[in-house]
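Scroll down for the structure; my scribbles are underneath it.
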There are 2 protein chains.
Amino acid sequence: MAVTIKDVAEKVGVSVTTVSRVLNNRGYLSESLKQKVNDAMEELNYHPSEVARSLLRKKSNIIGLILPDISHPFFGEVTKHIEAYAYEQGYKLMLCNSLHHKKKEKEYIDLLRASRVDGIIMGSHTMSVNDYKSINLPLVSLDRQISKSIPFIASDNYQGGVLATRLLLRKKCRSIAYLSGNLRLNLLAKQRHDAFLEQVRGQDVEYTVRQTDLNGFKYKDYEKLVSSLFEERPELDGVFASSDMLALQVLKQCRRLGRAVPGQVKVIGYDGIAALDAEDLTTIVQPIKKMGELAVQYLLQQIAGEPVPLETILPVRLSEKGTT
Amino acid sequence: MAVTIKDVAEKVGVSVTTVSRVLNNRGYLSESLKQKVNDAMEELNYHPSEVARSLLRKKSNIIGLILPDISHPFFGEVTKHIEAYAYEQGYKLMLCNSLHHKKKEKEYIDLLRASRVDGIIMGSHTMSVNDYKSINLPLVSLDRQISKSIPFIASDNYQGGVLATRLLLRKKCRSIAYLSGNLRLNLLAKQRHDAFLEQVRGQDVEYTVRQTDLNGFKYKDYEKLVSSLFEERPELDGVFASSDMLALQVLKQCRRLGRAVPGQVKVIGYDGIAALDAEDLTTIVQPIKKMGELAVQYLLQQIAGEPVPLETILPVRLSEKGTT
DNA sequence: GTGAAAGCGCTAACAG
DNA sequence: CTGTTAGCGCTTTCAC
């Protein structure tokens, strides 16, 4: 990238200001001059440096996205929509996987700040509330409420929990398990758990709750969790898995143990991941696209100094397919 | 980000040069001075601007990653490993989804160039060879050979095709279909197709080849493709799907049509996506982690001016599970 | 050991 | 309509 605005200016025999002007289409320049400058830029294969511009404008047009793990299909899908919307609005995306590691998340936040990103979407959070408040950059959190002052986007986890549990009850399940990621992660997803408990209590059913440990998305851990569940509760006839990925593990165990689905065991997942469309899995569908787009929109509004709602809760819906 | 190196310098009562020196740990400074400067930086919550540094050093420590679609689990998984390795090496990742759109891909390349990324990993390509050659930036392509002069990383697609086809033949399939994304996309994945044909020809079996249209990963399209296949070829007893996602659609149709798997129809996929571990799907496993890491490594080597191999082909392996 | 000055590539006053 | 100048935040000669 040796070629700078100065090279273009020299080639045409004008000042850099003039070149800058045609670049930004400011002020009045004769058509012929514009033409000459544009030709020179083309010829030299000149591309203005966003780095220099960022320095000057104090604005990078980059947003940071921090996730636990992009390879998890839910995050892959939401990221796709975040990217698409950000791109439309002229923003680039810097992708950061925290892997639920506090240290890595912290380092990434420092990196993003150093890179002068204009804002950050948090799809992961492992630090303390005050750490986030001191980031001092426009922020939106996805699926988690970090503090009252940081806007978040989520879907209606409570309602999702109600819908899923009621379906299993309606289908006459008598022994139901709720399976989830770690509840201490302090996600809004915990409300699914709360809803489950409220629906199930006082009903004439057995129930149990199982959660993974804190290490994030290890499919092998999921597997162990599920297999021990079936060992301890052989009479199980309903499972509410708080993610589609977990639900797949349940289906796998059922195949392995020869439990018919939905005949002997009914299974409902959560998320409504598009890539799992072929699965025939009953699930609670989150409006993933909308969530991603709103996250970007509210972030850009903050960047523009406009107010944004602090709490955004979008509706979910039940998609009943072959596993119930 | 109002606080700059100048603020720190003023607070301590030294020149910006001195602050810069402790920042970069250059030259000899007294311990007490270092201490004072560090304290001041902490107190002011100062974070040096990577933007200013990039401008000066002509190096951003950012690499661009262009993919068709991050929500496709294969790309999600490879991206996870690319990110992890890049992070270790001190590089950040700018994520770009082309959605197989030529225009978007071109715009993204210009954006990346303007952002002065140090190199680009191409996991998508829709433009002409010369367009890529003129990018004039360190480049590595993933799973595609753009030109002889651009290094690529791939797994052994031909061998994968052989392994998959032979397995179906060994299992006594008499009517076999090969299913793939669009073969005109000019991917190395086409070699799976070539291998299929070579293995199947001259054998006493029927075979057919089906491909999706160019529009990328539309799961609904996959579904149509598969359902029309079974309509036209009711006697089908073996399917080699060139991605795990396609294989899932095949399994879905089999469930729908009441075809037993593997009893009546045997199905083998391709990719070995970790997120689909629960699927019990026989598949050809690509070394996704290694592919991602090598892509980054070879890119960084180019950035450092070191030579890299132009062709890297990694071995695949057969993972036989319940669908064959 | 430390500072002054120049410059990375660009834009924005301010003149003319 | 176009050019001169200053400066964004930082590093790096080159002096002292």
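Only a predicted model underlies this, so the values are computations on that prediction, with no experimental measurement involved. Letters A, B, ... mirror the listed sequences (proteins, then strands); counts begin at 1.
C:dA4 atom C1' lies 14 Å from atom NZ of B:Lys6, rounded to whole Å. Put simply, NZ on A:Lys36 is 14 Å from C1' on D:dC1, counting in whole angstrom units. For the pair B:Lys58 NZ and C:dG7 P, the computed distance is 13 Å after rounding to whole Å. Rounded to whole Å, the distance from CD on B:Glu50 to C1' on D:dT11 is 13 Å. In this structure, the CD atom of B:Glu10 is 13 Å from the P atom of D:dC10, given to the nearest Å. The interatomic distance linking A:Met41 (CE) with C:dG9 (C1') rounds to 15 Å, in whole Å.
Residue A:Val51 is out of contact with every strand shown, counting any heavy-atom pair closer than 4.0 Å.
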Under 4.0 Å protein heavy-atom contacts per nucleotide of nucleotides 11-16 of chain C, with B for base, S for backbone only and - for none: BBBB--

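One finds no salt bridge joining A:Asp39 and A:Lys36 here, because no Lys/Arg side-chain nitrogen approaches an Asp/Glu carboxylate oxygen to under 4.0 Å.
With sequence neighbours excluded, no residue forms a salt bridge (Lys or Arg N to Asp or Glu O under 4.0 Å) with B:Lys133.
Looking only at side-chain heavy atoms (C-beta outward), A:Asp118 and A:Leu299 stay at 4.5 Å or farther from each other.
In this structure, A:Leu137 CG and A:Leu112 CG are separated by 8.5 Å, a value rounded to the nearest 0.5 Å. Separating the CD atom in A:Glu83 from the CD1 atom in B:Ile70 is a distance of 9.5 Å, to the nearest 0.5 Å.
The backbone N or O of A:Val117 lies less than 3.5 Å from no partner atom in the side chain of A:Ser115, so there is not a single donor-acceptor pair. The backbone N or O of B:Asn97 sits less than 3.5 Å from a side-chain atom of B:Lys104, completing a donor-acceptor pair.
Taking only side-chain nitrogens and oxygens, B:Ser49 never comes nearer than 4.0 Å to OP1 or OP2 of D:dG9. Within the structure, a side-chain polar atom (N or O) of A:Thr18 is placed less than 4.0 Å from OP1 or OP2 of D:dG3. Of the side-chain N and O atoms in B:Lys59, none sit less than 4.0 angstrom from OP1 or OP2 of C:dC8.
Where B:Leu33 and B:Leu55 meet DNA chain C, the nucleotide closest to each residue was compared, and B:Leu33 sits on the side nearer the 5' end.
Candidate nucleotides D:dC10, C:dG9, D:dG3 were compared by shortest atom distance to the side chain of A:Thr4, and C:dG9 ranks first.
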